[in-house]
Amino acid sequence: MKNTNTFFEKVFEIVKKIPYGRVTSYGAIAEYLGIRSSARMVGWAMNISHSSKKNVPAHRVVNRNGMLTGKHHFGGPDVMQQLLESEGITIVDEKIVDFNKYFWNPLKEITEV
DNA sequence: TTGCTGACCGACG
DNA sequence: CCGTCGGCCAGCA
């Protein structure tokens, strides 16, 4: 049924698997898919994710620095931050505090395909 | 159909 | 330290 041939759908699967109060990075997802060089494709996947009817918690996906780079695409510059803070994550200067603590590594959590 | 762009990351000068 | 470029895939004009 889910012919996840396109890595976009793979990205959605991973992002949707992110537990509550956790975040991940584009690079981590890209690396999990085996396309570390194509981390920007992951960001593009997020772009269509908000356009799509799928409920993808793209707000839990940030860049390598833990910075909310794509917050502007959530329909508001503060929507992403509000969502993360709502999950118990502290945001300072558009950046996640203790990002390493909240970081959710798909490579570590999803060891099996 | 072709070409450009995109919410990134890492390397190089 | 900072600016620039390459890389990968898919959507859109």
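Note that the structure is a prediction, hence the values are computed from the model and not measured. Just so we're on the same page: letters track the sequence lines, and every chain starts at 1.
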Q) Under a 4.0 Å heavy-atom cut-off, which of residues 33-48 of chain A touch DNA chain B? A)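 Those residues are A:R36, A:A39, A:R40, A:M41, A:G43, A:W44, A:M46, A:N47.
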
Q: Taking only heavy atoms on the protein side, list every residue of residues 73-103 of chain A lying under 4.0 Å from any atom of DNA chain B, sorted numerically.
A: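 Within this stretch, A:H73, A:F74 sit under 4.0 Å of the strand.
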
When the side chains of residues 75-83 of chain A are checked against the rest of the protein, which donor-acceptor pairs come out under 3.5 Å, sequence neighbours left out?
unit_1, atom_1, unit_2, atom_2, d
A:Q81, NE2, A:E85, OE2, 3.3

**Q.** Where A:M67 and A:V62 come nearest, the two heavy atoms and their spacing
**A.**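 Answer, listing the atom of A:M67 first, then A:V62: O-CB, 3.5 Å.
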
**Q.** same_hphob_cluster(A:L68, A:F99) at 4.5 Å side-chain heavy-atom cutoff
**A.**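 Yes; A:F99 is reachable from A:L68 via cluster members.
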
Set of residues satisfying side chain to side chain contact (heavy atoms under 4.5 Å, CB included) with respect to [X], sequence neighbours excluded:
| X | result |
| --- | --- |
| A:I18 | A:V15, A:R22, A:T24, A:R60, A:V61, A:W104 |
| A:D98 | A:K101, A:Y102 |
| A:R64 | A:S25, A:A28, A:F103 |

Q.
Can you give me the first and the last nucleotide of DNA chain B (5' to 3') that has an atom within less than 4.0 angstrom of a non-hydrogen atom in chain A?
A.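 Contacts span B:dG6 to B:dG10, reading 5' to 3'.
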
Q) Who else is in A:V92's hydrophobic cluster (ILVMFWY, side-chain heavy atoms under 4.5 Å, direct or via others)? A)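 Taking Ile, Leu, Val, Met, Phe, Trp and Tyr as members, A:V92 shares its hydrophobic cluster with A:V97.
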
Pairwise [atom1] distance, [M] and [N] [rounded to whole Å]:
| N | M | atom1 | value |
| --- | --- | --- | --- |
| B:dT5 | C:dT4 | P | 16 Å |
| C:dA13 | B:dA7 | P | 16 Å |
| C:dC5 | B:dC4 | P | 15 Å |

Q. When the distance from NZ of A:K10 to C1' of C:dC8 is rounded to whole Å, what number comes out?
A.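 Atom-to-atom, A:K10 to C:dC8, this comes out as 13 Å.
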
Q. How would you label the contact of A:H59 with the nucleic acid (heavy atoms, under 4.0 Å): base, sugar-phosphate, or nothing?
A.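 No contact.
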
**Q.** A:I29 side, atom CD1; A:F12 side, atom CZ - distance, nearest 0.5 Å
**A.**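 Interatomic distance, A:I29 CD1 to A:F12 CZ, rounded to 0.5 Å: 10.5 Å.
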
(Q) Tell me which pairs pass side-chain hydrogen bond (donor to acceptor under 3.5 Å, both in side chains) where either residue lies in residues 65-77 of chain A, with sequence neighbours left out. (A)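 Residue pairs with at least one partner in residues 65-77 of chain A: A:K71-A:E94.
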
Q: Quick one: which residue pairs count as a salt bridge (Lys or Arg N to Asp or Glu O under 4.0 Å) with a foot in residues 24-38 of chain A, not counting sequence neighbours?
A: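 Every pair satisfying salt bridge (Lys or Arg N to Asp or Glu O under 4.0 Å) with a residue in residues 24-38 of chain A: there are none.
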
Q.
According to side-chain hydrogen bond (donor to acceptor under 3.5 Å, both in side chains), who are the partners of A:N63, at least two apart in sequence or on a separate chain?
A.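 Partners of A:N63 under the side-chain hydrogen bond (donor to acceptor under 3.5 Å, both in side chains) test: none.
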
